[in-house]
Amino acid sequence: MTAESNKRAIRRALVSVYDKTGLEDLARGLHEAGVELVSTGSTAGRISAAGLPVTKVEELTGFPECLDGRVKTLHPKVHAGILADLRLDSHRQQLGELGVEPFDLVVVNLYPFRETVASGATPDECVEQIDIGGPSMVRAAAKNHPSVAVVTSPARYADVLSAVQDGGFDLTTRKRLAAEAFRHTAAYDVAVASWFASEYAPVDESRFPDFLGATWDRARTLRYGENPHQPAALYTSTASIGGSAAGGGLAEAEQLHGKEMSYNNYTDTDAARRAAYDHSEPCVAIIKHANPCGIAVGADVAEAHRKAHACDPLSAFGGVIAVNRPVSREMAEQVAEIFTEVVVAPDYEEGALEALTKKKNIRVLRAPEAPAAPVEVKPIDGGALLQVADRLQAEGDDPANWTLASGEALSEAELAQLAFAWKACRAVKSNAILLAKDGASVGVGMGQVNRVDSAKLAVERAGVERAAGSFAASDAFFPFPDGLEILTGAGVRAVVQPGGSVRDEQVVEAANKAGVTMYFTGTRHFFH
Ligand SMILES: NC(=O)c1ncn([C@@H]2O[C@H](COP(=O)(O)O)[C@@H](O)[C@H]2O)c1NC=O
């Protein structure tokens with residue numbers, strides 16, 4: 001059977017929409033094509049205000065809409081008209097006996113539950129915005145797609161109007177519309193279920209709900225994943241995990257220029273944003289393979305970029321740059337001189353885009369908001385790990401709350417230098433050691449399986465001159481004095497680390513022996 005022969009003419013439509021966008025044009029087009037319109041309260045009101053004939057659902061059912069709209073379409077005369085399988089003689093016959101006319105098209109969109117929750121409404125107001133009749137009609141029509149076409153978005157109205165002129169939707173299209181419809185109600189129910197789980201279900205002291213729901217829409221397929229043999233795609237979330245506003249962030253950043261983002265571009269850009277937004281001053285982070293090859297703050301972003309780039313110019317080649325302020329023209333001109341994969345910033349000042357886009361391939365992204373996901377999810381074989389996102393802590397990350405473990409207390413200016421090193425170190429994969437000077441990283445030791453090697457790497461990358469007098473941070477405690485001794489041997493001015501090792505005493509003794517100031521934060525920032 002051809003798709004043509006599966007077309008089902010549209011003669012009668014049920015329209016019940018909360019979002020009235022495009023409603024008049026849809027109703028007019030349907031009416032002009034000879035379609036009978038049946039509709040609920042204010043939808044019917046809009047249609048007749050446009051001068052078009054419409055039958056109210058209550059006229060059809062002989063039952064008034066009641067209970068503040070909680071019951072409008074929940075009636076056998078509506079649902080039998082949607083659910084009758086018109087391929088079956090028995091169903092046609094029963095409709096005749098019951099005096100029910102079938103519907104060929106159902107156009108419904110639902111009460112704005114997610115938007116109501118996001119607006120900070122009271123629980124009662126949120127509950128009132130749970131649509132009951134709408135999803136029932138959508139699911140019924142989607143189930144009965146051999147006989148009925150279902151539309152849940154104004155974006156589909158143009159398709160409806162051309163189909164109605166063309167003998168109706170074919171079966172393939174009705175199936176596709178049904179799939180869209182079930183996806184729509186599934187996402188809606190996940191949002192409702194997640195809200196109930198977090199608002200009403202008893203949550204134990206773990207603070208994590210029993211049920212977690214999120215739905216993901218494919219935004220685009222990517223050329224490939226981490227490697228060319230791995231197919232990959234980008235998804236955006238319509239319901240958030242952990243309560244932040246869904247959407248936004250890097251996944252929905254606006255690409256202003258350049259080649260398509262790759263999988264690795266996304267992971268590096270994510271890491272770059274994590275690094276840049278830890279600092280209140282203008283900050284630039286340059287990332288390669290999810291690790292910083294330069295993080296710096298400056299009086300402005302151009303200065304911060306020069307300082308970040310100077311940390312490791314060799315590695316910065318082909319890097320991903322994140323900025324926590326709008327990119328200035330001056331910074332853009334500097335970046336344009338260096339082969340760079342991606343620049344991401346909240347915005348671009350006048351002339352900055354022109355300077356950047358001189359390079360054909362550089363990807364330029366605008367992501368206005370700072371990273372804000374409240375939780376992190378990591379898939380593991382057969383499940384997923386969920387944790388509260390690692391953000392800077394009021395207690396352990398504020399130098400005012402650090403404990404002096406060895407040496408003389410630093411001056412305010414020096415303490416600020418050490419605090420910069422500490423925050424920058426948070427962006428380095430563990431085991432992480434970072435040396436900084438003048439608000440810029442100068443040596444980064446990342447991802448080693450022991451802290452001694454990370455320390456050696458940081459010192460080696462800094463070089464003798466830059467390591468001397470630098471401020472060193474370690475993401476976790478030194479289990480032995482040996483890692484610290486690498487740093488003191490290189491002449492660092494001060495060290496900051498969480499403390500808490502059973503051998504802290506030995507580590508403190510080594511710092512004292514070297515005459516180096518050391519602070520304990522009491523907070524660890526592993527990053528894997
Ligand atoms: N209760 C019902 O029988 C019912 N039937 C349809 N609705 C919803 O009412 C809205 C349209 O109502 P109105 O035409 O009055 O603006 C639609 O979002 C539709 O999904 C209902 N409302 C809530 O469940």
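Counting starts at 1 for both ligands and their atoms, following the listed order. All figures in this text were calculated on a predicted structure; none of them were measured in a lab.
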*Protein residues having a heavy atom less than 4.0 Å from any atom of ligand 1*: Ser16, Val17, Tyr18, Lys20, Thr40, Gly41, Ser42, Thr43, Gly69, Arg70, Val71, Lys72, Thr73, Leu74, Val108, Asn109, Leu110, Tyr111, Asp131, Ile132, Gly133, Gly134, Met137
Please output the side-chain donor-acceptor pairs of residues 389-397 that fall under 3.5 Å, not counting sequence neighbours, one pair per line with the distance.
| from | atom 1 | to | atom 2 | distance (Å) |
| --- | --- | --- | --- | --- |
| Asp390 | OD1 | His525 | ND1 | 3.0 |
| Asp390 | OD2 | Arg426 | NH1 | 3.2 |
| Asp390 | OD2 | His525 | ND1 | 2.8 |
| Arg391 | NH2 | Ala373 | O | 2.8 |
| Gln393 | NE2 | Arg391 | O | 2.7 |
| Asp397 | OD1 | Trp422 | NE1 | 2.7 |
| Asp397 | OD1 | His525 | NE2 | 2.8 |
| Asp397 | OD2 | Gln393 | N | 2.4 |
| Asp397 | OD2 | His525 | NE2 | 3.1 |

_Residues that Arg329 engages under salt bridge (Lys or Arg N to Asp or Glu O under 4.0 Å), provided they are two or more places apart_ = Glu333
*Applying salt bridge (Lys or Arg N to Asp or Glu O under 4.0 Å), name anything that partners Arg12, two or more places apart in sequence or on another chain.*
Glu36
_salt_bridge(Glu260, Arg220) N-O dist < 4.0 Å_ = no
*Between Arg70 and Glu128, is the closest basic N to carboxylate O distance under 4.0 Å?*
yes
*Please walk me through it: do Glu97 and Gln93 pass side-chain contact (heavy atoms from CB on, under 4.5 Å)?*
CA-CA 6 Å; Glu97 287 162 10; Gln93 194 187 329; 3.1 Å; yes
